[in-house]
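Letters go in sequence order (proteins before strands), and every chain restarts at 1.
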2 protein chains.
Amino acid sequence: MPAPTKPRRGAPESKTRIALVNAAMKLIVDEGYAAVTTRRVAAEAGVNPALVHYHFRTIDDLFLAVFRRGAEANLARMQAAVDGPQPLRGVWEVMSEPRDTGLTLEFLALANHRKAIRSELAAYSARFRELQEQALARVVQAHGVTLDKPSLPALTLLLSGLPRILAMDDAVGLHRSRGEVLALVEEYLERYDLPAVGDPSADDGDAEPGHQAD
Amino acid sequence: MPAPTKPRRGAPESKTRIALVNAAMKLIVDEGYAAVTTRRVAAEAGVNPALVHYHFRTIDDLFLAVFRRGAEANLARMQAAVDGPQPLRGVWEVMSEPRDTGLTLEFLALANHRKAIRSELAAYSARFRELQEQALARVVQAHGVTLDKPSLPALTLLLSGLPRILAMDDAVGLHRSRGEVLALVEEYLERYDLPAVGDPSADDGDAEPGHQAD
DNA sequence: GTCTATACTTCGATAGAC
DNA sequence: GTCTATCGAAGTATAGAC
C-alpha cells in the first residue's frame with residue numbers, strides 16, 4: 001500500500017532524509033527515544049524543523065526508518081557471519097556489538113506500546129534468529145553430528161541468549177563472573193567452531209572458506 | 001538524608017502518595033514511561049495534578065518510588081524462594097513473572113539515560129543476583145558437590161539468564177522452540193532441584209522444608 | 001525541497017488561597 | 001494536604017511563500 005490515507009507528501013531518497021535518520025539514531029543512543037522530537041532531531045541534523053514532517057509524516061515513521069536501517073545492517077552482518085569461515089564466532093561478535101545494545105533496548109521498550117514498531121521488530125527478530133540457526137546448522141553439520149535434544153532451534157535460542165544477557169548485565173553494571181563466562185565462551189568457540197584459517201587443529205577439512213572482508 | 005537540597009516540602013506516608021505510585025506503575029506497564037506525566041498520573045490516581053509535585057519533587061522522584069516498590073517486592077519474593085522448599089523452581093518462577101518483564105524493560109531503558117535510576121537499578125540487580133546465587137548454592141550443597149567450572153557465580157549468571165531471554169523473546173513475538181526449552185527446564189528442575197514435598201525420589205534427605213506461604 | 005510562521009496541545013513546576 | 005490558577009517551555013503537525 002503505497003499511499004494509505006494521506007498522500008499529502010511523498011518522501012524520496014535525499015541528503016536531508018539521511019541526515020535526519022542519522023540524527024535520530026544518535027539521539028536514541030545518547031538520550032533515549034524520548035529525546036527524538038521534531039525540533040531536537042532537526043537541530044541535531046542541522047536542518048529546519050519543518051523538514052522533519054516533510055520527510056516523515058509522523059515521528060513514529062522516523063522511528064521506523066531508524067529501525068529499518070539498523071536492522072538491515074545487522075542482518076547483512078549476520079549473513080556475512082553465517083557465510084564466513086567461523087560462523088559461531090561471527091555470530092557471537094555480531095550479537096556482542098555494544099553499540100546495538102542500547103539501540104535494541106530502546107526499540108524493545110518502544111515496541112511494547114507502538115503497534116507498528118512491534119510488528120517490525122517481530123519480523124526482524126525472526127529473520128535474525130533464522131540466520132543464527134543457519135550458522136549453527138553449518139557447524140553442526142561440519143562435525144557430522146545430528147542434534148536431537150536440544151533441537152537445533154532450541155540450542156540456537158540458548159546460545160544466542162548468552163550475549164544478550166551479558167549485554168543487559170553490562171547495562172546495569174553487573175560484571176560479576178563476566179570474565180569467566182567470556183573465557184568459557186572463547187574456549188567453546190575454539191573447540192566447536194570451524195577451524196580458523198591457518199589453524200592446524202582441524203578435525204574436518206571440507207569447509208569452504210568463502211570469507212568476505214569488511 | 002531527610003531534607004537534601006530543597007526543604008520546600010516534605011512527603012510522608014499518605015493515601016494519595018500510594019495512589020500516585022500505583023497510577024504511575026500502571027501507566028508505565030500499559031503505555032510506557034513516557035506516559036507518566038504530571039497530569040496523566042494525577043488523572044489516573046483520581047487526584048489533583050498539583051498533588052503530584054507536592055509528594056514528589058520531580059517526575060524522576062516518582063519513577064524512583066515506583067521502582068523501589070517493585071524492587072522490594074521482588075527481593076522479598078526472591079528471598080522466599082531461596083528459603084523455600086524448592087529454591088531452583090522458586091527462583092525460576094519469580095524470574096518468569098510476566099508482569100515484571102515490561103516494567104523491567106522500561107526501567108532498563110530509563111536507566112540508560114537517568115543517573116539516579118541507573119544506580120538504583122544497579123544496586124538492586126546486584127542484590128537480586130546474590131539471592132539467586134544463594135538459591136543455587138543451597139541446591140549444590142544439598143547434592144554434596146562442589147562447582148569449579150563453571151563457578152557458582154558463573155552458573156548463576158547462565159541460569160538466571162534463561163528466563164530473561166524467554167521473556168524478551170516473548171516480548172517480540174519469538175515463540176520458536178519456547179515450549180521445548182520450557183520442557184527442558186522442567187526436566188532439569190525435576191532432576192536437580194530439592195525434592196518436592198511428598199516426592200519419594202529424594203537422593204538426599206537432610207533439607208529442612210521451612211516453607212512460608214504467600 | 002526548503003523556508004517562515006503559527007495553531008494547538010501538553011508538559012513540568014510553582015504560587016498562594018483554603 | 002489539597003485546591004485553583006498560571007508561567008514558560010516544549011511538543012506535533014500544518015499552511016503557504018519561496
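As rounded to whole Å, 12 Å separates atom P of C:dG1 from atom CZ of A:F56. Residue A:D61 contributes atom CG, which lies 11 Å from atom P of D:dT14 at whole-angstrom precision. Distance, A:D60 CG to D:dA13 C1': 13 Å, rounded to whole Å. Going from atom NE2 of B:H53 over to atom C1' of D:dG1 covers 16 Å, rounded to whole Å. In this structure, B:I18 atom CD1 and D:dG1 atom C1' are separated by 15 Å, rounded to whole Å. One interatomic measurement links the two molecules: OH of A:Y54 to C1' of D:dC18, which rounds to 14 Å at whole-angstrom precision. If you take CZ of A:R17 and P of C:dT2, they are 12 Å apart, rounded to a whole angstrom.
When the side chain to side chain donor-acceptor pair (under 3.5 Å) test is applied to B:D193, no partner is found at least two apart in sequence or on another chain. Shown here are the ring-ring contact (aromatic ring centres under 6.0 Å, His included) partners of A:F63, two or more places apart in sequence or in another chain: there are none. Applying the salt bridge (Lys or Arg N to Asp or Glu O under 4.0 Å) criterion to B:E186, with sequence neighbours excluded, gives B:R89. Looking at residues two or more places apart in sequence or on another chain, you find a side chain to side chain donor-acceptor pair (under 3.5 Å) between B:E31 and B:R40. Under the rule for a salt bridge (Lys or Arg N to Asp or Glu O under 4.0 Å), B:R178 has no partner lying at least two apart in sequence or in another chain. Partners of A:Y124 by ring-ring contact (aromatic ring centres under 6.0 Å, His included), not counting sequence neighbours, listed by chain and number: A:F67, A:F128. With sequence neighbours excluded, the residues forming a side chain to side chain contact (heavy atoms under 4.5 Å, CB included) with A:K149 are B:L184, B:E187, listed by chain and number.
Interatomic distance, B:L20 CG to B:K15 NZ, rounded to the nearest 0.5 Å: 13.5 Å.
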Nucleotide-resolved protein contact map, nucleotides 5-10 of chain D, B/S/- at heavy-atom distance under 4.0 Å: -B----
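Across C:dA13, D:dA13, D:dT2, the shortest atom-to-atom separation from the side chain of B:L51 is found for D:dT2.
Distances shorter than 4.0 Å separate none of the side-chain N or O atoms of B:S14 from OP1 or OP2 on D:dG1. Distances shown here put a side-chain N or O of B:H55 below 4.0 Å from the OP1 or OP2 atom of D:dT2. Regarding contacts with the backbone of C:dT10, every side-chain N or O of B:T38 stays at 4.0 angstrom or more from both OP1 and OP2.
Helix-axis bend for the helix from C:dG1-D:dC18 to C:dC18-D:dG1: the local axis fitted to the five terminal pairs at one end deviates from that at the other end by 0°, rounded to 10°.
Counted within 6.0 Å of CZ on A:R164, heavy atoms from surrounding residues, nucleotides or ligands total more than 12; the atom is thus considered enclosed.
Heavy atoms of B:I59 sit under 4.0 angstrom from primed sugar atoms or phosphate atoms, though from no base atom. Using a 4.0 Å heavy-atom distance criterion, B:V41 is classed as making no nucleic acid contact.
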